Each structure stands twice: as structure tokens, then as C-alpha cells.
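Just so it is clear, the structure is predicted and the values come from calculations on it, not from any experiment. We count residues from 1, following the sequence as given.
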Amino acid sequence: HYVFEKYMNNRQIVNRLSLVLQIPVTLVIYNIRTKEEFAGLVGKTLELDSNEVLAKLNDAAFCEKYNSDTNNILSRFIVDNYEFYWNISFDKFADKMNTAYNLFWNDERKAKAAALDLTPEQVTTLASIVEKEVIRDKELTTVAGVYINRLKIGMPLQADPTLVFALRDFDARRVNSTHKEYDSPYNTYMYAGLPPGPICMPRKKSIDAVLNYEANNYLYFCANPDMSGYSIFSKTYDEQMKVAAQYRNKLNKMDVH
């Protein structure tokens with residue numbers, strides 16, 4: 001990938017090419033949901049073929065090389081902006097991403113994960129759920145605390161975003177019985193514990209929100225019926241049901257189905 005400026009003469013252009021003075025391109029990893037989306041982003045930014053990238057992400061041997069599996073391999077890629085040469089090989093691309101992963105997961109973060117009895121990959125999976133549940137960042141640690149409380153007592157996470165992911169129904173405006181009855185290991189209403197892998201690539205702040213979760217007594221939360229983007233947190237099921245009924249009524253009035 002070369003960039004030629006207007007002021008450059010023929011000799012300068014030839015020198016840039018002959019000396020292979022490439023200009024790096026920037027890969028912006030944002031809130032990707034699926035391996036297909038990630039492979040497409042990489043293929044659109046770099047010379048790498050998106051089909052090759054996807055095949056690698058679905059290859060058990062490749063994932064095992066990075067102590068992962070095909071379900072949680074996306075947890076090995078940290079959301080950030082990265083500079084690469086456009087014609088980088090896949091192996092060098094993967095190694096650079098692994099270096100970024102190891103820099104992020106330093107001893108302090110690993111110790112906090114161990115204190116939660118979770119692996120870094122499991123923390124990322126939980127962070128991906130928190131990421132999709134929260135609109136206002138100031139609630140990240142509070143929602144993380146709710147899910148940690150549920151995990152501790154063996155209560156199903158009952159996270160609506162996992163149902164949307166299970167069905168790949170990313171345009172859903174509202175979760176309904178069709179979502180909740182769909183049998184999938186990502187159905188956190190049907191199965192307790194964490195799903196097999198992340199439902200998106202969470203931001204660093206969402207991962208840190210899990211590692212530094214708010215210690216609280218909440219087991220429930222629901223979007224505030226005032227549609228402010230904030231949540232109302234509850235300690236009991238009865239409290240939750242009252243808020244949930246108000247929120248459902250609001251959605252009905254807004255004709256959101």
C-alpha cells in the first residue's frame with residue numbers, strides 16, 4: 001500500500017516503490033458480533049482474503065494454537081485501532097493480534113479474573129453480554145455486578161442479547177417467546193452459566209467493568225420506562241416484574257414489536 005503525494009516527481013515515486021516504503025493501513029476493530037463480520041472487516045482493510053480469515057477462525061487447530069476454540073476465538077482479539085502493512089501474511093497478522101492480547105491481559109487483569117474463578121476468555125464472554133445490555137457506560141460495572149451475582153448462585157443469566165445472537169436476529173427491536181424458546185447453548189434463559197463464547201467483541205472498558213464489577217445486592221434490572229437509556233435495578237423478582245410491566249406497556253404504546 002503506497003501513497004503518492006502531489007509534489008512527488010518520478011524519481012521519488014520510483015524510490016518509494018523500489019525501497020518498498022509502504023504506508024501502513026489502520027484496522028479499526030469495533031463492536032463486531034460474529035466471525036463472519038470480523039473476517040469481512042479484515043478482508044476489506046487488508047490484502048488478506050476474508051474467506052481465508054474465516055476458515056482460520058473456524059479451524060480447531062488454529063484456535064488451539066492460541067489456547068482457544070472455535071466458539072471463543074474472537075475473545076483473543078482486543079478491540080482497538082491497529083496499524084498493519086496492507087500485504088501482511090495471516091500468520092504475522094495473528095501473531096501481532098496475539099501480542100496485543102497478551103499486553104492487555106497483564107498479570108493484574110489475570111489475577112482479577114482468577115479471583116472471579118473465570119478465565120480471561122470467560123471474562124470476555126461476560127463482558128460481551130454486559131456490552132450489549134448497557135446503553136449508558138456509567139452502568140457497566142453495576143450490570144456486571146448483577147451478572148456476577150447470578151453466576152455465584154447458579155441463576156440463569158437470562159440476558160436478552162444472547163437470544164438475539166443465538167438466532168442472529170440482530171434487527172430485532174424486542175425479544176419475544178420465539179427467542180426464548182429457541183434451543184441454543186447461547187440461550188441464557190434455557191441454560192445456566194456462560195454461553196460458549198462472546199456475543200460480540202467488547203470494548204476494553206466493558207472487560208474492565210467485569211473485572212472491577214460493582215459489589216451490589218441486585219439480581220435484576222430492566223430498562224427504565226422513561227426511555228432514558230438507563231436501567232432500574234431490583235433486588236427481588238416482584239420489584240422487577242413491576243418495572244418490567246411498565247416497560248412493556250411503554251413499548252406497546254410506542255408500537256415496538
Side-chain angles (χ1 to χ4, degrees), residues 30-33 72 74-75 78-79 104 109 112-113 115-166 169-170 172-175 179-180 185-248 250-251 256:
Y30 49 90
N31 205 351
I32 295 290
R33 283 189 169 100
N72 62 31
L74 286 190
S75 66
I78 303 298
V79 170
F104 177 79
R109 286 192 174 97
K112 289 180 177 180
L116 291 172
D117 198 24
L118 297 173
T119 65
E121 289 76 18
Q122 289 173 322
V123 169
T124 300
T125 295
L126 182 53
S128 73
I129 296 174
V130 172
E131 175 89 28
K132 286 302 180 184
E133 284 281 21
V134 172
I135 295 177
R136 305 295 185 182
D137 282 354
K138 65 184 300 183
E139 292 187 348
L140 285 170
T141 56
T142 307
V143 170
V146 173
Y147 284 128
I148 293 294
N149 292 340
R150 292 182 182 181
L151 285 174
K152 286 180 178 179
I153 64 175
M155 175 182 173
L157 295 182
Q158 298 181 334
D160 288 356
T162 64
L163 307 182
V164 170
F165 180 86
D169 188 14
F170 299 131
R173 301 175 66 197
R174 186 172 179 177
V175 168
H179 295 88
K180 293 181 180 180
Y186 288 90
N187 185 333
T188 54
Y189 280 80
M190 192 174 290
Y191 299 101
L194 291 166
I199 62 170
C200 73
M201 295 171 71
R203 295 169 297 166
K204 293 177 182 178
K205 64 170 56 179
S206 294
I207 296 175
D208 283 335
V210 172
L211 295 175
N212 302 284
Y213 71 94
E214 175 188 290
N216 57 55
N217 296 319
Y218 300 127
L219 284 176
Y220 306 95
F221 64 96
C222 179
N224 195 315
D226 68 5
M227 309 308 285
S228 62
Y230 288 97
S231 304
I232 294 179
F233 297 87
S234 303
K235 297 177 182 178
T236 69
Y237 183 73
D238 288 341
E239 292 174 352
Q240 167 74 357
M241 287 299 96
K242 291 177 182 177
V243 178
Q246 294 174 22
Y247 182 64
R248 285 194 297 271
K250 183 68 174 181
L251 291 180
V256 175

Beyond-backbone contact of [X] with [Y], side-chain heavy atoms, under 4.5 angstrom:
X	Y	answer
Tyr186	Tyr191	no
Phe233	Val146	yes
Pro225	Val243	yes
Leu194	Leu118	yes
Pro195	Ile129	yes
Ile232	Cys222	no
Val210	Tyr147	no
Tyr247	Met227	yes

Greater than 12 external heavy atoms within 6.0 Å of Tyr237's OH: no
So which heavy atom on [X] is nearest to which on [Y], and how close?
X	Y	answer
Ser206	Glu131	OG-OE1, 2.5 Å
Ile207	Pro202	CG1-CG, 4.1 Å
Arg136	Ser228	NH2-O, 2.6 Å
Arg150	Pro156	CD-O, 3.7 Å
Ala113	Pro120	CB-N, 4.5 Å

So, [X] side chain and [Y] main chain: donor-acceptor pair closer than 3.5 Å or not?
X	Y	result
Arg203	Ser128	no
Asn187	Lys180	yes
Asn149	Leu219	no
Glu214	Val143	no

Going by atom types only, do [X] and [Y] share a side-chain donor-acceptor pair under 3.5 Å?
X	Y	answer
Gln158	Tyr220	no
Thr124	Ser75	no
Glu139	Ser231	yes
Asp238	Thr236	no

*asked:* Is the distance from the ring center of Phe221 to that of Tyr230 below 6.0 Å?
replied: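 No: the rings miss the under 6.0 Å criterion.
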Under the rule for side chain to side chain donor-acceptor pair (under 3.5 Å), what residues qualify as partners of [X], not counting sequence neighbours?
X	value
Gln246	none
Lys235	none
Asn217	none

After noting the C-alpha distance and the side-chain angles of Asp208 and Arg109, does the key distance pass the salt bridge (charged side-chain N to carboxylate O under 4.0 Å, His left out) rule? CA-CA 8 Å; Asp208 283 335; Arg109 286 192 174 97; 2.8 Å; yes
Task: Salt-bridge criterion met for Arg174 and Asp160 (N-O under 4.0 Å) - done: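 No.
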With side-chain contact (heavy atoms from CB on, under 4.5 Å) as the test, would you mind laying out the steps for Asn31 and Val79 before giving the verdict? CA-CA 7 Å; Asn31 205 351; Val79 170; over 6 Å; no
